[in-house]
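To start, the structure under review is shown below, and the notes come after it.
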Protein chains: 2
Amino acid sequence: MDTEATGRRARNMLEKRERIVRAAAELFAERGFEGVTTQEISERADVAAGTLFRYAASKGELFLMVHNEELRAAIQAGAAAAAAEQDPEKAVIALVEPVMQRARDSRSAAVYQRELLFGPPTERYRAEGLALVGELERRIAERLGGGADAARAARTVFAVLNLLLVQPWTGVHPGADPVEELRLQVAQVVRGFRAR
Amino acid sequence: MDTEATGRRARNMLEKRERIVRAAAELFAERGFEGVTTQEISERADVAAGTLFRYAASKGELFLMVHNEELRAAIQAGAAAAAAEQDPEKAVIALVEPVMQRARDSRSAAVYQRELLFGPPTERYRAEGLALVGELERRIAERLGGGADAARAARTVFAVLNLLLVQPWTGVHPGADPVEELRLQVAQVVRGFRAR
DNA sequence: CCACCAAAATGAGTAGCCTCATTTTTGAGC
DNA sequence: GCTCAAAAATGAGGCTACTCATTTTGGTGG
């Protein structure tokens with residue numbers, strides 16, 4: 001008998017899941033989403049090709065699984081930074097800035113937004129990511145004092161963030177520093193909310 | 001000899017292009033983007049499977065090719081409606097509303113946004129669609145009086161529009177009427193711009 | 001310790017987008 | 001009208017995400 005309540009089966013699954021996450025994270029980091037095949041991931045994780053899809057419903061879900069933790073961390077960091085701010089405008093900027101900073105690794109950030117918004121609607125890791133976005137919006141609305149208008153402004157802030165994260169991929173506005181641009185757009189939105 | 005300057009070759013290509021566009025439009029309308037195979041499109045257009053890809057680089061490009069005209073028409077309609085408005089806030093809303101109205105056919109609108117933002121960066125019809133978005137933003141910025149802040153607000157308005165078009169797909173905020181929501185968010189953004 | 005069942009893993013197979021070596025068509029020069 | 005080069009079309013085949021019938025494994029009751 002084991003000190004843990006988990007049997008061998010559950011432990012094996014956790015371990016396997018761990019291997020899969022690590023393999024996927026490494027390969028996506030090395031060569032990007034489209035540069036990696038699910039075969040390669042399953043090989044590096046030392047599981048059969050079909051086994052991957054028992055842990056994540058699609059390649060996109062695999063990607064979300066790997067990157068959700070980063071988003072969670074960024075939101076936490078933002079929350080911590082925002083707590084130190086008095087001014088709502090600065091607080092909101094502090095909340096979203098860490099998420100934007102991730103876009104240094106911009107390829108991944110754009111792919112993440114794509115999979116998050118467009119993946120098959122029912123899947124686990126997508127739902128998890130969308131919940132994180134919901135949490136971020138709730139925090140923003142809260143710092144704006146709550147209410148329908150605040151929730152609306154928060155939604156706009158996410159819309160801005162989303163587009164700026166995707167931007168590098170489109171290659172349309174190559175010059176601007178996205179973090180600075182985020183600040184300016186968010187400032188506008190917050191002013192619009194307060195001018196109600 | 002022909003009264004037209006075009007030779008047989010150019011005419012054949014135009015005609016073929018026409019058949020392809022029609023076939024793709026019909027099938028996408030009937031069964032949606034993922035419900036249609038490129039095989040089916042090529043069969044209905046009566047061309048070989050490979051020939052499709054001489055007219056559009058990918059299935060996504062095919063979709064953009066078909067739907068760019070709709071966006072162009074919506075932008076034109078918005079421009080006409082906006083011309084009749086005095087108030088900048090109302091004018092901006094008039095500019096974007098027709099684009100949102102398309103989202104009655106919401107499945108397509110979301111797919112269009114996806115392909116537009118995430119398709120391979122160098123392709124023809126994607127560039128065409130992005131140019132249309134650029135034009136829409138320019139018109140918005142113009143109605144706000146021009147300048148960097150106006151351009152920024154215009155960009156935010158597109159971000160809002162984009163997210164609302166994608167919304168039905170994510171299934172996250174199912175209740176709200178997106179057109180009304182668009183009006184409210186845009187109103188906030190415009191107020192934020194004017195409060196500068 | 002064995003028999004049995006449910007959960008998990010497997011990997012060969014399928015579907016569908018797209019490529020590319022080959023064939024066909026077009027038009028120009030003679 | 002004939003020849004030839006360039007452009008266009010073709011469709012068999014490659015590649016890769018994903019499925020599913022079969023096999024393996026782990027746990028449980030006797």
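All heavy atoms count here, side chains included; hydrogens, waters and symmetry mates do not. Letters go in sequence order (proteins before strands), and every chain restarts at 1.
Remark: Ser58(B), Lys59(B) in residues 57-65 of chain B come within less than 4.0 Å of DNA chain C through at least one heavy atom.
Per the geometry, CD belonging to Gln39(A) stands 9 Å off C1' belonging to dG11(C), to the nearest Å. Whole-Å rounding puts the Glu34(B) CD to dC17(C) C1' distance at 13 Å. Taking atom CG of Leu52(A) as the reference point, atom P of dC20(D) lies 17 Å away to the nearest angstrom. Between the CD1 atom of Ile41(B) and the C1' atom of dC17(C) there is a distance of 11 Å, given to the nearest Å. Rounded to an integer number of Å, the gap from Lys16(B) NZ to dT24(C) C1' is 10 Å. The distance between atom CE of Met13(B) and atom C1' of dA7(D), rounded to the nearest whole Å, is 8 Å. Atom CG of Asp46(B) is separated from atom P of dG11(D) by 10 Å (rounded to the nearest Å). If you take CD of Glu15(B) and P of dT26(C), they are 11 Å apart, rounded to a whole angstrom.
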Exercise. Start with the C-alpha distance between Glu181(A) and Gln167(A), add both sets of side-chain angles, then the distance that settles side-chain contact (heavy atoms from CB on, under 4.5 Å), and finish with yes or no.
Key: CA-CA 11 Å; Glu181(A) 189 58 29; Gln167(A) 204 83 291; over 6 Å; no
Exercise. Would you check, one step at a time, whether the test side-chain contact (heavy atoms from CB on, under 4.5 Å) holds for Arg191(A) with Arg194(A)?
Key: CA-CA 5 Å; Arg191(A) 280 205 305 276; Arg194(A) 294 172 116 180; 5.8 Å; no
Quiz item: When you look at Arg102(A) and Glu70(A), which way does the salt bridge (Lys or Arg N to Asp or Glu O under 4.0 Å) test go after all the steps?
Solution: CA-CA 8 Å; Arg102(A) 280 198 321 155; Glu70(A) 272 179 56; 3.8 Å; yes
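The side-chain heavy atoms of Asn68(A) and Tyr112(A), taken from C-beta on, include a pair separated by under 4.5 Å. Between Ile75(B) and Leu71(B) the shortest side-chain heavy-atom distance falls below 4.5 Å.
Listed nucleotides: dA9(C), dG11(C), dA9(D). Nearest to the side chain of Ala49(A): dG11(C). Nearest nucleotide to the Arg54(A) side chain, out of dA17(D), dT10(C), dT19(C): dT10(C). Picking from dA9(D), dT19(D), dA9(C) the nucleotide with the shortest atom distance to the side chain of Phe53(A) gives dT19(D). Closest to the Ala48(B) side chain, of the nucleotides dC17(C), dA9(D), dT10(D), is dT10(D).
Judged by distance alone, the side chain of Arg143(B) and the main-chain N or O of Val92(B) form no donor-acceptor pair under 3.5 Å. In this structure a side-chain-to-backbone donor-acceptor pair under 3.5 Å is present from Lys59(A) to Val36(A). At distances below 3.5 Å, not a single donor-acceptor pair connects side-chain atoms of Trp169(A) with backbone N or O atoms of Ala110(A).
A side-chain hydrogen bond (donor to acceptor under 3.5 Å, both in side chains) check over residues 42-56 of chain A, counting only residues at least two apart or in different chains, returns the pairs Glu26(A)-Arg44(A), Glu30(A)-Arg44(A).
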Can you name the atoms? Protein N/O to nucleotides 2-5 of chain C N/O, anything below 3.5 Å, with the distance.
none

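Using a 4.0 Å heavy-atom cutoff across all strands shown, Thr37(A) reaches sugar-phosphate atoms only and no base atom.
Residue Tyr55(A) places none of its side-chain N or O atoms closer than 4.0 Å to OP1 or OP2 of dA8(C). Between Thr38(B) and dG16(C) there is no side-chain N or O to OP1 or OP2 distance below 4.0 Å. OP1 or OP2 of dT26(C) sits under 4.0 Å from a side-chain N or O of Asn12(B).
Taking the six-membered ring where tryptophan is involved, the planes of His67(B) and Phe28(B) are tilted, since the angle between them lies from 30° to 60°.
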